[in-house]
Amino acid sequence: MNQKANESRKVETLRWRDAGLEMIDQRVLPARFEYLRYGTADEVAQGIRTMVVRGAPAIGCAAAYGVALQAITLRQASRHDFDVGLEMAFTVLAESRPTAVNLFWALARMRRVWQASQQYSVAEIADILLREAHEISAEDVRINRAMGAFGAALLKDGDRVLTHCNAGALATAGHGTALGVIRSAVESGKRISVIADETRPFLQGARLTAWEMVQENIPVTLITDNMAGHLMSQGEVDAVIVGTDRVAANGDVANKIGTYMVAVLARRHGIPFYVACPLSTIDLSVSDGGAIPIEERAAQEVTGFRDCQWAAQGVQVRNPAFDVTPAELVTALITEKGVVRTPNRQNIANLLGS
Ligand code: MRU
């Protein structure tokens, strides 16, 4: 069901209303600001797959709510049917998108809570799982604020910060990761301006980052992705900050396609390249970036947009949605536990205390 949002333009990417999940439909922003309502895990998985909700931390929050919704629909069921139904929810949600590890992190956390609640009735377990989903979202905002405070200290008054894709409030439960750093710097009194790569092919930069910044009167300039090198060569970029979908144990960073190109350009021009990275995005089970699964999306995203097709009919297309930036190009990871300069296997292990 479509629900026109009221006058409020507050970015509440996911919200729990009237015993259901509502998510801003990010496919139609900025032309329309509206929420879609979700009542089952299948629907949430579909919302993730079709990019109603996107951005690594927001996907994790949505998946947690998907599990909780499934448990709620099964609260009158027998223990056996509850267990079978919940397993199905975990499976369908895990298959929704492959690259952002926050999805699997959130599902693993929900599974641990489920397993630790076996002494309770299924109705009580449903309540416990819903509380955990709320907590994952609330914690995400706290983490983003902590990262924001650490990251803001890296920026100088007057900095012009280039970002790629959308790692803002819309990509999280609130505040954002990369844009959270910018928001925190602005809140601390620094004059920061943003250069937003439009981010072909899905246009998260043009449609979402630009919209978020305009909403808050943070100065933002939109460029097409192929303009970044020129602006850097002209001395118009002071820092780059991006988010991430998965960081490998050696510090390699998977993020939106085009990020690698920006990192190479930043190194060429001596510009710091920062990655805002909640600890939930670090995947120690993946040794280096080569083992991170890269989602390949539909050709139609490259050949056109919505109803308009501009590419020749029948042309072959590649559409990898993410790329990997080698750790050596990353100036620092900004996490909720502090800033990790020159990320590598050792200092990431130290950060996670392993
Ligand atoms: O395909 P998307 O829009 O889900 O990709 C999002 C990104 O690549 C973000 O930069 C990343 O998830 C970090 S969001 C805080």
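Whatever order the structure lists ligands and atoms in, that order sets their numbers, starting from 1.
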Under a 4.0 Å threshold between the charged nitrogen and the carboxylate oxygen, would Arg111 count as salt-bridged to Glu132? no
Only heavy atoms of Ala56, strictly under 4.0 Å: list the atoms of ligand 1 that pass. 12 (O), 14 (S)
Examine Arg97 against ligand 1 and note whether any of their N/O atoms are separated by less than 3.5 Å. yes
Cation-pi check, Arg267 to Phe273: give yes when NZ or CZ is under 6.0 Å from the six-membered ring centre and within 45° of the ring axis, no otherwise. no
Side chain, backbone, both or neither: which part of Ala321 comes within less than 4.0 Å of ligand 1 when only heavy atoms are counted? neither
Does a donor on one side chain and an acceptor on the other come within less than 3.5 Å for Gln346 and Asn350? yes
Are Phe305 and Trp310 an aromatic pair by the rule of ring centers under 6.0 Å? no
Shortest protein contact, atom 5 (O) of ligand 1 (heavy atom only): Lys256 CE, 3.3 Å
Please could you name the atoms of ligand 1 that Ala167 approaches to less than 4.0 Å, counting only its heavy atoms? 14 (S), 15 (C)
Which atoms from ligand 1 have a heavy atom of Phe322 less than 4.0 Å away? 1 (O), 5 (O), 8 (O)
Measure the spacing between SG of Cys277 and CD of Glu336 and express it to the nearest 0.5 Å. 8.0 Å
Applying side-chain contact (heavy atoms from CB on, under 4.5 Å), run through Thr13 and Gln26 and close with a yes or a no. CA-CA 9 Å; Thr13 306; Gln26 300 193 30; 3.5 Å; yes
Can you list the ligand 1 atoms lying under 4.0 Å from a non-hydrogen atom of Met51? 1 (O), 3 (O)
If you group Ile, Leu, Val, Met, Phe, Trp and Tyr by side-chain heavy-atom gaps below 4.5 Å, do Leu279 and Val181 land in one group? no
Nearest to atom 10 (O) of ligand 1, what protein heavy atom do you find, and at what distance? Asn255 OD1, 2.6 Å
Which one holds for Val242 and ligand 1: side chain close, backbone close, both close, or neither close, with close meaning a heavy atom under 4.0 Å? neither
Which residue and heavy atom of the protein sit nearest atom 14 (S) of ligand 1, plus the separation: Ala171 CB, 3.5 Å
Please write down residue, atom name and distance for the protein heavy atom closest to atom 15 (C) of ligand 1. Thr177 OG1, 3.0 Å
May I ask you to decide whether Asp157 forms a salt bridge with Lys190, counting only side-chain N to carboxylate O separations under 4.0 Å? no
For Cys165, the ligand 1 atoms whose distance to one of its heavy atoms is below 4.0 Å: 5 (O), 6 (C), 7 (C), 8 (O)
Do Arg145 and Glu187 sit within salt-bridge range, that is, some charged N less than 4.0 Å from a carboxylate O? yes
Nearest non-hydrogen contact with atom 7 (C) of ligand 1 belongs to which option: Val275, Asp245, Asp323? Asp245
Using a 4.0 Å cut-off to any heavy atom of Gln204, which atoms of ligand 1 qualify? 1 (O), 2 (P), 3 (O)
Would one find an N or O of Ile59, backbone or side chain, under 3.5 Å from an N or O of ligand 1? no
Between the side chains of Asp127 and Arg75, is the shortest nitrogen-to-carboxylate-oxygen separation below 4.0 Å, so that they form an ion pair? yes
